[in-house]
Number of protein chains: 2
Amino acid sequence: MTRVLVVDDEPALLRAVGAALKARDYDVATAATGQAAIDAIALTPPDVVVLDLGLPDIDGIVVCRRVREWSDVPIVVLSAEGSEARKVQALDEGADDYVTKPFSTAELLARIRVALRHRKDTPSPDDEAVLRVGDVVVDQARHSVEVAGNKVELTPKEFAFLALLARWPGRVLTHRTILQEVWGPEYGSESQYLRVYASQLRKKLDDDPAAPRLITEPGVGYRLVDPAAEPAG
Amino acid sequence: MTRVLVVDDEPALLRAVGAALKARDYDVATAATGQAAIDAIALTPPDVVVLDLGLPDIDGIVVCRRVREWSDVPIVVLSAEGSEARKVQALDEGADDYVTKPFSTAELLARIRVALRHRKDTPSPDDEAVLRVGDVVVDQARHSVEVAGNKVELTPKEFAFLALLARWPGRVLTHRTILQEVWGPEYGSESQYLRVYASQLRKKLDDDPAAPRLITEPGVGYRLVDPAAEPAG
DNA sequence: TCAAATATTGACGCGATCTTGACGACAACT
DNA sequence: AGTTGTCGTCAAGATCGCGTCAATATTTGA
């Protein structure tokens, strides 16, 4: 769940903002002082911080600066002061937004959503989902398989079977595990399927019985040999 | 140099904001209408956009939404309207900040700095408005598509489907992913839609079964072939 | 409001894929 | 040697997913 840390010394405001956030299913933590806020952020980093500038111990802007030394957590500043200089200072010290009191709850929530959007992890293209086991290349993004440079056409179940083995190179996967991963959780004992598909895979992978890629572990399951791990084998 | 696009239909405001930005060594571009803004962002993507909501042609919030279809460029909204509902809507439609007129120049500049700070954090996803995959050209800003130089008319859903595939050239997008991106988060199992739209797209793209552009990955999803990535096919 | 464009849903044929049963090979154990 | 159980292989039938067309509902725009 999304964690929000609300920092303010007025219990009334904490209660109001906290309730609004909880109603939206956020996980809310609170702090009443600057030091408590810094400790809380360090101990259990929230996804976003709502920070009142008027704290009894440390100036809110200093809290911003201190936190920014080691954390990029989004900070939404609340303040009764509308002073332009103060706004500029807070924003330049690392605050991501500045809301002047009195503010509307709906607006604060919207600005919190914006802050969270910024921290949203990018669905980066760097998750190279290409598995290589020996001369077998399984590209999970393209759902394509190559063996020794030659493209191999696999059916959906064949692909799922091979990809599963390729994710655990050299490791034995039990009949039960394979069935549940490929066929679904309700399967587990239909090992005839495995024999059929292992056979088809060996055929399509052009597997040489003298130097097999797909190994049967009798009574247990199957594995894909990993030349990188056991060059002697 | 850092590029800022300022969008407003009041010359006075353009001049004032433009001057303040230029004095800080920003590279300033301007647009007076929503359409001009969208075109400018597509043509020469700025590092941040300052967008007035009160435009003569398209509503500023719609501009936000349109731009967000393909770009993550930070948008700082300006508005004379202080209405809470409008603020929330703009922020939820993709605006990163909302400044109510009259505003202080210093504050606007500080908020622009914040927006730029965010931009740096996200290295650079693909903010390309025009996608090219083989001989298919998808202009996300104009919602137009060309195949081998010929314009193709697509319905909104057809366009969204194709643009999604074009954003991930060569990659398989699962049925579920496509449904959620094109139809909405509440969809996920209506794969009949996909068959209908894939069929229509193939027809409109004049797809040759012998050299298909739109590939079905049985049991998984669809992908657009990327000749640049796999010339061997 | 009406007409056109678009989206949704149902029906159906086709082909690939999956499932199932049968059978022989092989090894371990009795 | 016989028995038993697992494995590999094959092939026939059942099933499922896909593409396609068309009818209906809904939305959009004038």
Side-chain angles (χ1 to χ4, degrees), chain A residues 143-145 152-165 172-176 178-184 186-210 212-224, chain B residues 57-59 62 65-66 143-145 152-165 172-176 178-184 186-210 212-224:
Chain A
H143 263 261
S144 71
V145 173
V152 173
E153 300 291 345
L154 297 183
T155 73
K157 288 237 176 357
E158 289 167 355
F159 182 88
F161 191 163
L162 180 61
L164 175 60
L165 291 171
V172 179
L173 298 180
T174 65
H175 297 145
R176 181 178 193 76
I178 300 170
L179 282 163
Q180 297 200 340
E181 288 289 325
V182 176
W183 272 263
E186 65 274 28
Y187 290 77
S189 57
E190 296 79 352
S191 50
Q192 165 69 357
Y193 292 172
L194 301 185
R195 290 198 287 278
V196 172
Y197 277 84
S199 170
Q200 290 172 355
L201 271 178
R202 287 197 175 102
K203 214 180 299 178
K204 292 196 178 182
L205 297 184
D206 194 28
D207 220 13
D208 177 5
R213 287 180 261 255
L214 178 56
I215 302 280
T216 301
E217 294 291 344
V220 183
Y222 294 85
R223 69 185 168 91
L224 214 53
Chain B
D57 56 340
I58 311 175
D59 178 38
V62 175
R65 185 161 50 218
R66 291 279 308 277
H143 280 199
S144 71
V145 173
V152 173
E153 298 294 342
L154 297 184
T155 72
K157 285 237 173 7
E158 288 167 355
F159 179 86
F161 191 161
L162 181 61
L164 175 60
L165 291 171
V172 178
L173 298 181
T174 65
H175 297 143
R176 162 170 275 276
I178 300 170
L179 283 164
Q180 298 200 339
E181 288 289 324
V182 176
W183 273 264
E186 67 273 29
Y187 291 76
S189 57
E190 297 78 354
S191 49
Q192 166 72 356
Y193 292 172
L194 301 186
R195 281 185 244 124
V196 172
Y197 277 83
S199 172
Q200 290 172 355
L201 271 178
R202 287 198 177 101
K203 216 179 296 178
K204 293 195 177 183
L205 297 183
D206 195 27
D207 220 13
D208 177 5
R213 288 179 262 255
L214 177 55
I215 302 278
T216 300
E217 293 292 344
V220 183
Y222 295 85
R223 68 185 169 91
L224 212 54

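In the text below, chain A, chain B and the rest are named by the order of the sequence lines, each starting its count at 1.
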* Between the side chains of S144(A) and R223(B), does any donor sit under 3.5 Å from an acceptor? -> no
* Are W183(A) and dT19(C) close enough that a side-chain N or O sits under 4.0 Å from OP1 or OP2? -> yes
* **N or O in side chain of Y193(B) less than 4.0 angstrom from dA7(C) OP1/OP2** => no
Rounded to whole Å, how long is the line connecting atom [atom1] of [X] with atom [atom2] of [N]?
| X | N | atom1 | atom2 | result |
| --- | --- | --- | --- | --- |
| L201(B) | dG19(D) | CG | P | 12 Å |
| L154(A) | dT17(C) | CG | P | 10 Å |
| E158(A) | dT19(C) | CD | C1' | 14 Å |
| E190(B) | dG17(D) | CD | C1' | 16 Å |
| I215(B) | dC18(D) | CD1 | C1' | 14 Å |
| K157(B) | dT9(C) | NZ | C1' | 15 Å |
| F161(B) | dT6(C) | CZ | P | 17 Å |

* **Option from W183(A), F159(A), F161(A) for which ring-ring contact (aromatic ring centres under 6.0 Å, His included) with Y197(A) holds** => W183(A)
* To do: Any chance you could list the contact pattern along nucleotides 5-11 of chain D? Use B for base contacts, S for sugar-phosphate-only contacts and - for none, protein heavy atoms under 4.0 Å, 5' to 3'.
  => --BBBB-
* Mind telling me whether Y187(B) and Y193(B) have parallel, tilted or perpendicular rings, with 30° and 60° as the class edges? => tilted
Between [Y] and [X], is there a side-chain heavy-atom distance shorter than 4.5 Å?
| X | Y | answer |
| --- | --- | --- |
| L179(A) | T174(A) | no |
| V172(B) | I215(B) | no |
| E217(B) | Y222(B) | no |
| L162(B) | L224(B) | yes |
| T216(A) | R202(A) | yes |

* **Inter-end axis angle, the helix from dT1(C)-dA30(D) to dT30(C)-dA1(D), with every axis fitted to five base pairs (rounded, 10 degrees)** => 40°
* **CA sep, side-chain torsions, deciding dist, call: E153(B), K204(B), salt bridge (charged side-chain N to carboxylate O under 4.0 Å, His left out)** => CA-CA 8 Å; E153(B) 298 294 342; K204(B) 293 195 177 183; over 6 Å; no
